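For reference, positions follow the sequence shown, starting with 1. Bear in mind the structure is a predicted one, so any value in this text is a computation, not a measurement.
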Amino acid sequence: MAIADHKSSSSSSSDGKVWGFFKRPFRPSGNAAATTTSSSSMSHHQPNGDGSIPHASSSVSSVARSLLPTRRRLKLDPCNKLYFPCEPGKQVRSAIRIKNTSKSHVAFKFQTTAPKSCFMRPPGAILSPGESLIATVFKFVEVPENNEKLVDQKSRVKFKIMSLKVKGPMDYVPELFDEQKEQVAIEQILRVVFLDPERSTPAMEKLKRQLVDADAALEARKKPPEDAGPKIIGEGLVIDEWKERRERYLARQQVEGLDSA
């Protein structure tokens, strides 16, 4: 009886161990866990009917667009600096040529960190494809403290040129940039560099040539547009032709009046 009891107790304990083993949660190995994770992640990116993955293509395209360099619409000369003659206590000028290198009409606008001492002419405009203009930048040069040389110092004043693609030829208004803020691009931030006017350098000579071109362009803009010909009014009558006909008629009447007398 003792042997039977011992056998029964051993069998019951072994059965308990077997059931306890099956009661434990199943823990997969490292390879199995990785396989399960990868399969679950792939299940979230099932291809569509056309074989494309819904979220992957959009995320990849957005990342690719962010990595691409911003395509500029304008070409600037100088490209990243504005040169001014160093004349403390005076208002000096600089010049920059702006060209539209895109295939559409582009509006540009100047901004500065010192609006009280700097201004631009023109402050903005709309350029057709391939069109260029030269703008003049005015700046008052403050007298430095302790007679320091401005030529050797870095100016904190900066200029920013922004661009905006527009549908076609139109009148420039600054509100264009407020209405389409999302489409505005920063073309360049220009740093101010002072030059010694008494020293002949390539940058100084180029500035002088650009200022001459800027003055000529300003005078050209002041001139009234050229007369493209007689203006047509009313029912197709031409002003100049009407004047000539009336003058001929009056002259004929005078001649006939003399003959009759």
Side-chain angles (χ1 to χ4, degrees), residues 72-101 105-128 131-164 166 170-178 184-225:
R72 302 189 184 280
R73 306 183 180 111
L74 303 176
K75 181 181 179 181
L76 309 177
D77 183 25
C79 59
N80 56 4
K81 297 177 183 178
L82 276 178
Y83 296 97
F84 291 89
C86 183
E87 299 180 11
K90 296 182 180 180
Q91 180 175 278
V92 295
R93 297 185 303 159
S94 181
I96 181 171
R97 186 175 295 277
I98 305 171
K99 182 178 181 180
N100 181 8
T101 57
H105 286 71
V106 173
F108 75 88
K109 178 183 178 181
F110 270 108
Q111 279 189 345
T112 177
T113 56
K116 293 183 179 181
S117 61
C118 304
F119 64 95
M120 293 70 65
R121 289 291 181 271
I126 294 179
L127 300 176
S128 59
E131 184 183 1
S132 65
L133 64 77
I134 185 162
T136 308
V137 186
F138 299 83
K139 174 176 172 52
F140 179 79
V141 183
E142 297 180 357
V143 179
E145 298 179 358
N146 301 326
N147 295 325
E148 296 177 353
K149 292 184 178 180
L150 291 176
V151 178
D152 300 332
Q153 293 182 356
K154 292 183 179 179
S155 176
R156 296 181 180 179
V157 179
K158 294 181 180 179
F159 294 85
K160 180 168 64 176
I161 297 182
M162 300 179 296
S163 67
L164 173 67
V166 294
M170 61 179 68
D171 293 333
Y172 170 80
V173 288
E175 288 75 17
L176 286 172
F177 289 82
D178 298 330
V184 175
I186 299 176
E187 290 289 332
Q188 188 62 263
I189 296 178
L190 305 169
R191 185 168 58 90
V192 172
V193 178
F194 289 109
L195 300 175
D196 188 353
E198 298 180 357
R199 184 181 176 185
S200 179
T201 59
M204 191 65 196
E205 296 301 322
K206 182 178 180 179
L207 175 59
K208 291 179 180 179
R209 293 193 301 269
Q210 285 189 325
L211 288 175
V212 171
D213 295 341
D215 292 339
L218 180 60
E219 292 297 327
R221 286 196 294 268
K222 288 181 179 179
K223 292 181 180 179

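- Scanning all heavy atoms of the two residues, the minimum distance from C79 to L190 falls at O-CD2, 3.6 Å.
- Smallest separation of non-hydrogen atoms from V106 and V166: N-CG2, 4.1 Å.
- Applying the side-chain hydrogen bond (donor to acceptor under 3.5 Å, both in side chains) rule to pairs touching residues 205-214 yields D77-K206, S200-E205, sequence neighbours excluded.
- Expressed to the nearest 0.5 Å, how far CZ of R72 lies from CD of Q188 amounts to 5.0 Å.
- The two residues A95 and L211 have their closest heavy-atom pair at CB-CD2, 4.0 Å.
- To the nearest 0.5 Å, the span separating CZ on R93 from CE on M120 amounts to 15.5 Å.
- Of all heavy-atom pairs between L207 and S94, the closest is CD1-CA, 3.9 Å.
- Residue F119 forms a ring pair (Phe, Tyr, Trp, His ring centres under 6.0 Å) with just one option from F138, F140, F110, and that option is F138.
- By the 6.0 Å contact criterion, CD on E142 is open, its count of non-hydrogen atoms from other residues, nucleotides or ligands being 12 or less.
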- Message: Evaluate L74 against I161 for side-chain contact (heavy atoms from CB on, under 4.5 Å), listing each step before the verdict.
- Response: CA-CA 9 Å; L74 303 176; I161 297 182; 4.2 Å; yes
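- Residues K109 and P174 come closest through the heavy atom pair NZ-O, 4.3 Å.
- Closest of all the heavy-atom pairs between G89 and V143 is N-CG2, 3.9 Å.
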- Task: With side-chain contact (heavy atoms from CB on, under 4.5 Å) as the test, would you mind laying out the steps for K139 and F194 before giving the verdict?
- Result: CA-CA 11 Å; K139 174 176 172 52; F194 289 109; 3.7 Å; yes
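- Atom NZ of K75 is separated from atom NZ of K99 by 6.5 Å, given to the nearest 0.5 angstrom.
- Using modelled atom types and a 3.5 Å distance limit, the side chains of R73 and S163 yield a donor-acceptor pair.
- To the nearest 0.5 Å, atom SG of residue C118 and atom CD of residue Q91 are 9.5 Å apart.
- Checked options V192, I96, V193; the residue passing with K81 is V193 (criterion: side-chain contact (heavy atoms from CB on, under 4.5 Å)).
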- Query: Hey, mind stepping through F159 and I189 against side-chain contact (heavy atoms from CB on, under 4.5 Å) and telling me if it holds?
  - Reply: CA-CA 6 Å; F159 294 85; I189 296 178; over 6 Å; no
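- No donor-acceptor distance shorter than 3.5 angstrom exists from the side chain of T112 to the backbone of P115, with no hydrogens or angles considered.
- The aromatic rings of Y172 and F177 lie perpendicular to each other, with more than 60° between the two planes, well past the 30° mark.
- Counting only heavy atoms from C-beta outward, the side chains of V92 and P85 approach each other to under 4.5 Å.
- Counting heavy atoms from C-beta outward, V212 and D215 have side chains that stay 4.5 Å or more apart.
- Atom-to-atom distance recorded for I126:CD1 and L133:CG is 11.5 Å, nearest 0.5 angstrom.
- With contacts defined as side-chain heavy-atom distances shorter than 4.5 Å, the pair L82/R191 does not qualify.
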- Verify side-chain contact (heavy atoms from CB on, under 4.5 Å) between V141 and E87, making sure each step is shown before the conclusion. CA-CA 7 Å; V141 183; E87 299 180 11; 5.7 Å; no
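- Here the side chains of F84 and L195 are not in contact, with every heavy-atom distance at 4.5 Å or above.
- The distance from the CG atom of L76 to the OG atom of S132 is 11.5 Å, given to the nearest 0.5 Å.
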